[in-house]
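Let me begin by presenting the structure, written as structure tokens, before commenting on it.
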2 protein chains.
Amino acid sequence: MTLPTKRIAESTVRRLSMYLRYLEGLDAIGQRTASSDELAQLCGTTPAQVRKDLSFFGSFGKRGLGYPVHELTEHLQEILGLRQAWQVVIVGAGKIGSALAEYRGFKQRGFQVVGVYDKNPDKIGRPWGDAVVRDMSTLPDDVTEHHVDIAVLAIPADDAQDVVDQMVAAGIRAILSFAPTSLHVPAHVAVKTVNMAMELEGLSYALTNRGA
Amino acid sequence: MTLPTKRIAESTVRRLSMYLRYLEGLDAIGQRTASSDELAQLCGTTPAQVRKDLSFFGSFGKRGLGYPVHELTEHLQEILGLRQAWQVVIVGAGKIGSALAEYRGFKQRGFQVVGVYDKNPDKIGRPWGDAVVRDMSTLPDDVTEHHVDIAVLAIPADDAQDVVDQMVAAGIRAILSFAPTSLHVPAHVAVKTVNMAMELEGLSYALTNRGA
DNA sequence: ATAAGTTTGTGAAGTATTTCACAAGCTTCC
DNA sequence: GGAAGCTTGTGAAATACTTCACAAACTTAT
């Protein structure tokens with residue numbers, strides 16, 4: 001695996017993640033190799049795209065044969081930074097936070113949930129999965145002390161920027177936000193936002209303009 | 001408002017949705033006009049991008065002044081197809097489905113949840129928000145009879161394609177999926193997928209390669 | 001050992017999207 | 001009413017991303 005010489009597009013990284021998912025599946029059922037064509041069909045993309053995406057990071061396949069499933073799986077885990085544990089906190093112990101807690105993908109992929117936070121006194125101290133809901137006011141100190149890497153934000157839009165500022169000051173390095181608002185952070189902090197309303201409205205647009 | 005002559009990029013539609021959100025906020029506090037620069041700062045994009053996005057649909061602003069907030073709000077609602085009600089079903093009455101039910105954005109923006117479905121007998125018949133969980137086997141008929149427009153899919157990846165096929169056959173027109181798998185549908189059906197794992201892995205990649 | 005058949009890796013071409021830059025149009029001030 | 005000051009709308013330029021197309025490299029069959 002070589003290091004990419006130029007910046008990799010976000011769309012490429014998303015597809016790598018998808019390739020990995022399917023490769024893990026193929027690996028589990030004992031399939032040894034997979035062609036770019038097979039991966040493309042599974043992921044709903046094109047063979048050329050698969051090859052181009054992978055080629056940014058090295059040359060993992062064998063001509064005439066395809067890609068070695070197990071080996072490529074490991075390469076992709078390495079590339080995506082999944083062969084190490086990331087420390088994650090969940091901020092907001094509401095329904096969304098709760099749904100996230102249930103999500104097995106976290107542990108499965110090396111994301112360790114080390115804390116859950118809320119500002120509601122009724123929720124603080126309550127057991128929550130393996131953990132206990134902690135007071136949001138302790139969040140910044142905890143982030144700093146426990147070297148938390150990623151914060152998952154599941155709080156109302158109005159509170160989001162304020163909490164983000166505190167966490168950034170405390171040294172957070174990445175944020176996955178479910179708050180329907182745009183977040184402003186310094187360049188060294190990575191942010192992804194999942195916005196339900198935006199997705200639904202995208203569908204509404206598609207339905208409205210489907211003929212055109 | 002003119003109809004766009006060429007296909008509008010998905011990224012543009014996502015931004016329109018974001019502009020709308022902030023415009024509604026500005027409208028609520030009585031602000032009369034907003035410049036592309038102001039909208040850009042709120043949304044984390046550039047003034048040129050804002051103007052270009054809007055220009056695909058018409059010429060809503062006044063030079064020297066900016067865009068009329070209330071009027072543009074209505075135009076965007078129209079463009080995005082939000083001035084009509086869409087019939088939505090939620091498929092999967094687990095934690096994610098439950099979090100979605102709580103989501104006020106649905107009703108607020110004209111998405112009427114007309115049914116919740118699950119295949120688990122323990123859940124069928126239970127009250128769930130305003131509704132009652134229905135048997136998944138009745139889903140296809142309901143979709144056809146009630147002209148359901150959008151299905152929100154909150155079920156395991158392994159079950160997803162099968163359910164999608166049934167709904168497509170029953171006449172569904174759009175799907176918002178939270179199942180971490182790629183879905184195959186005919187061209188006339190719009191699909192959006194929200195994939196937690198993909199977002200987290202995107203952050204993991206960013207953290208791993210932040211220096212590069 | 002050779003031929004036939006696959007499939008990768010990748011420059012080059014093609015498309016799509018964003019950014020630039022500025023004329024045109026509107027408001028406000030004097 | 002004219003000048004100064006903003007801000008839009010938009011072609012053109014720049015950048016980014018995807019697709020093409022084919023030589024190179026490998027496997028398998030004979």
Side-chain angles (χ1 to χ4, degrees), chain A residues 1-19 23 26 31-69 71-73 75-76 79 182 202 205, chain B residues 1-19 22-23 26 31-69 71-73 75-76 79 182 202 205 212:
Chain A
M1 173 186 140
T2 39
L3 289 178
T5 83
K6 52 177 189 170
R7 199 190 133 273
I8 299 299
E10 182 175 317
S11 49
T12 293
V13 177
R14 296 178 71 86
R15 282 190 300 267
L16 292 180
S17 173
M18 196 154 48
Y19 304 152
L23 283 165
L26 294 176
Q31 185 170 326
R32 295 303 186 77
T33 61
S35 66
S36 56
D37 198 51
E38 181 174 6
L39 281 174
Q41 282 196 262
L42 286 171
C43 299
T45 180
T46 66
Q49 184 78 79
V50 172
R51 296 199 297 275
K52 180 66 91 179
D53 285 339
L54 294 175
S55 77
F56 291 130
F57 297 91
S59 145
F60 307 114
K62 263 209 181 111
R63 296 172 192 220
L65 240 197
Y67 297 90
V69 170
E71 209 178 309
L72 183 54
T73 301
H75 277 305
L76 286 178
I79 290 166
S182 74
Y205 177 84
Chain B
M1 175 186 140
T2 39
L3 288 178
T5 82
K6 51 178 191 172
R7 199 191 132 272
I8 298 301
E10 181 173 316
S11 49
T12 293
V13 177
R14 297 178 70 85
R15 284 189 300 267
L16 292 181
S17 174
M18 196 155 46
Y19 304 152
Y22 284 101
L23 284 166
L26 294 177
Q31 187 171 325
R32 296 301 186 79
T33 61
S35 67
S36 57
D37 198 51
E38 179 172 7
L39 281 174
Q41 281 195 261
L42 287 171
C43 299
T45 181
T46 66
Q49 184 78 80
V50 172
R51 296 199 297 275
K52 181 65 93 179
D53 286 340
L54 295 175
S55 78
F56 290 131
F57 298 91
S59 148
F60 307 114
K62 262 208 182 109
R63 295 172 191 217
L65 242 197
Y67 297 91
V69 170
E71 207 179 310
L72 182 54
T73 301
H75 277 306
L76 286 178
I79 290 166
S182 73
Y205 176 84

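First the proteins, then the strands, lettered A, B, ... as listed; each starts at 1.
Distance OG1/A:Thr46 to CG/A:Asp37: 9.5 Å, rounded to 0.5 Å. Going from atom OG1 of B:Thr45 over to atom NZ of B:Lys52 covers 13.0 Å, rounded to the nearest 0.5 Å.
B:Thr12 places no side-chain N or O within 3.5 Å of a backbone atom of B:Ile8 that could act as its donor or acceptor partner. At least one donor-acceptor pair closer than 3.5 Å links the side chain of B:Ser182 to the backbone N or O of A:Leu42.
Rounded to an integer number of Å, the gap from CZ of B:Arg14 to P of C:dA16 is 19 Å. The nearest whole Å value for the distance from the CZ atom in A:Phe56 to the C1' atom in C:dT8 is 15 Å. Atom P of nucleotide D:dA29 and atom CG of A:Leu65 are separated by 12 Å, given to the nearest angstrom. At whole-Å resolution of the value, CD in A:Glu38 and P in C:dT8 are 10 Å apart. Protein atom CD of A:Glu71 is 14 Å distant from nucleotide atom P of C:dT8, rounded to whole Å. Atom CZ of B:Arg51 is separated from atom P of C:dC26 by 16 Å (rounded to the nearest Å). For the pair A:Asp53 CG and D:dC20 P, the computed distance is 15 Å after rounding to whole Å. Atom CZ in A:Arg7 sits roughly 13 Å away from atom P in C:dT18 (whole-Å rounding).
For C:dT17, the OP1/OP2 oxygens have no side-chain nitrogen or oxygen of B:Ser11 closer than 4.0 Å. Phosphate contact (OP1/OP2 of C:dG9, side-chain N/O of A:Tyr67, threshold under 4.0 Å): present. The shortest distance between the side-chain N/O atoms of A:Gln49 and the OP1/OP2 oxygens of D:dT19 is below 4.0 Å. Note on A:Thr46: every side-chain N or O is 4.0 Å or more away from OP1 and OP2 of D:dT18. Using a 4.0 Å cut-off, no side-chain N or O of A:Ser36 falls inside it from OP1 or OP2 of C:dT7.
Judged by distance alone, with hydrogens and angles left aside, A:Arg63 brings a side-chain donor or acceptor within reach of the base of C:dT8, the pair sitting under 3.5 Å.
Between B:Tyr205 and A:Phe57, the ring-plane angle classifies as perpendicular under the 30° and 60° cut-offs.
Closest to the side chain of A:Lys52, from the set D:dC17, C:dA12, C:dG9, is C:dA12. For A:Thr12, the listed nucleotide lying nearest its side chain is D:dT18; candidates were D:dT18, C:dG9, D:dT10.
Both A:Ala48 and B:Gly66 lie close to DNA chain D; mapped to their nearest nucleotides by heavy-atom distance, the more 5′-ward contact belongs to B:Gly66. Each of A:Arg15 and B:Gly61 was assigned the nucleotide of DNA chain D with the nearest heavy atom; the assignment lying further toward the 5' end belongs to B:Gly61.
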